[in-house]
Amino acid sequence: MDISPIIDGFNVVLEPANLLYCFIGVVIGMLIGVLPGLGPGATIAILLPITYGIGPIPAIIMLAGIFYGAQYGGTITSVLLRLPGEASSVVTVFDGFALARQGKAGTALGIAAIGSFIGGTVSILGLTLVAPVVAGFALDFGPPEYAALGVLGVLLISSVGNGNKLKAIVAACVGLLIATVGRDTFTGAERFTFGSLNLAEGIDFIPIAMGLFGLSEILYNLEERHNKVSAPAKVGNAWPTAAELNQAKGAIGRGSLVGFILGVLPGGGAVLSSLAAYALEKRRARHPERFGKGAIEGVAAPETANNAAATSSFIPLLTLGIPANATMALMFGALLIQGIQPGPQLVTEHPDVFWGVVNSMYIGNILLLVMSIPMVGLFVKILRVRPAVLAPITVLITLLGAYTVNNQVYDVFLVIVFGLLGYLMKKFGFEPGPLVLAFVLGSMIESSTRQALLIFGGDPTGFLTRPISGTVFALVVLVALLPLIRKALARRNRAETPAEERTP
């Protein structure tokens, strides 16, 4: 492998102007991640006109920094306020917020920063070394494979809830139902809109997430404070201990691998990566009941995975010209604006752009780590604010964030509706996470399944005849049967154990 283009790429990114744009990108990314509602996709779309006036390399470096910088920024509100700014931060809420309530917000944010850095760096190394090979594998993915991945993701949702698995499945089914609201993309027919023009466009992720996680938490906490007086949790160290780092290292390693692989696949991305990494850690844990109550691995795995996925999603874009998600589609447009066609010829025709962007991610990840760790203490101080002050501020951020998505009061109304729904779910022991995650995956499952059935002429057995989708569906069956297999083995072991050796 000729490393001279890689070295030249570092020379490109270390130019002062390119370094400045890299810094600007990650700072903007972190800030918009902290502010729920805007998101990297909307920010990149807003800033696209600015890229006309600057060169292709600094423009793409800045936009890339916004994308992966936002992944960590969304962690801050997920941990401190239980407000996931991005869909990929939903899973972090479960254990990150629980740690914050135990006075370990600094630990959660520190682990997230370290995991994000390691996951991003591992993914960049993979992008540098094996991008063409992995991107070639991604070409084999079509609608049947995306549908299979989506079904596997929904099945894994039952693993992320902390309560009754049946209730988690019910919540996931409600999420899938909500995902069908709006105009059918294939026929144009309106579904569950009740004649409303607003519902005809479907329901956005932001109002659902902000209502179910943000507003519902405030309502629930206000009731808890009214029923019993409890002292606020003390804020501990703003840095994880050596024991906590040792506990998280396995989750970080596995999260890096899961995120890198799923990030390359169109339709996989940061959301499915964080979900899969979390489910993997919970399934292999000796004490899975810790998850949802403040498990370090429950923060380390999804945060590492979503950052690794954010980086590896550049592989199909830069080497094949295939955007892996909506944000990558905007990056595709930004390259076209600069007169550069992403695809197999990019490495040979514009090596300075390809390697400049790739190597800027090394610098950007270092900048994120350097900036985020010293600021952890500042973020943690938010928890010192009295609830009587913090609750109205959180409500204001939530409602403003929802309004800025489409500049519609209707979205604010949706936040209130889902806030009340989330409050009732918590009262009756239903986790909101499965609903939100199923909603995110629902549209992908529906469109991919229908496209696949068109390809197969309506024959559903076509899913099983294709190697990749057939393998994924076999994995779906295995995951579904795994609890039954475990129970059968445990029953068999008890039957074979002599009565005198059994514990009373």
ask   = Does Asn246 reach the main-chain N or O of Ala242 with its side chain, forming a donor-acceptor pair under 3.5 Å?
value = no
inquiry  = Would you say that Val357 contacts Ile57 through its side chain, given a criterion of any heavy-atom pair below 4.5 Å between the two side chains?
reply    = no
key: Set of salt bridge (Lys or Arg N to Asp or Glu O under 4.0 Å) partners for Glu244, sequence neighbours left out   = none
Glu446 side chain near Thr449 side chain, heavy-atom distance below 4.5 Å = no
key: Under 3.5 Å donor-acceptor, Asn18 side chain and Val12 backbone   = yes
inquiry  = I want to check something: taking the side chain as every heavy atom from C-beta on, are Thr304 and Val122 in contact at a cut-off of under 4.5 Å?
reply    = no
task = Could you tell me the separation between the CD1 atom of Ile61 and the CD1 atom of Ile24, rounded to the nearest 0.5 Å?
result = 11.5 Å
ask   = Side-chain donor-acceptor pair under 3.5 Å between Asn307 and Ser116, yes or no?
value = yes
Any Pro143 side-chain heavy atom under 4.5 Å of Ile455 side chain = yes
task = Quick one: list whatever passes ring pair (Phe, Tyr, Trp, His ring centres under 6.0 Å) with Phe117, sequence neighbours left out.
result = none
inquiry  = How about CZ on Phe23, more than 12 heavy atoms from neighbouring residues, nucleotides or ligands closer than 6.0 Å, or not?
reply    = no
message = Rounded to the nearest 0.5 Å, what separates atom NZ in Lys104 from atom CG in Asp95?
response = 11.5 Å
ask   = If you take all heavy atoms of Ser360 and Tyr68, which pair is closest and at what distance?
value = O-OH, 3.6 Å
Test: Arg290 and Glu297 ion pair at under 4.0 Å = yes
request  = Kindly write out the residues that satisfy ring pair (Phe, Tyr, Trp, His ring centres under 6.0 Å) with Phe473, not counting sequence neighbours, or none if the list is empty.
outcome  = Phe463
message = Could you tell me if the side chain of Phe439 sits less than 4.5 Å from the side chain of Ile208, heavy atoms only?
response = yes
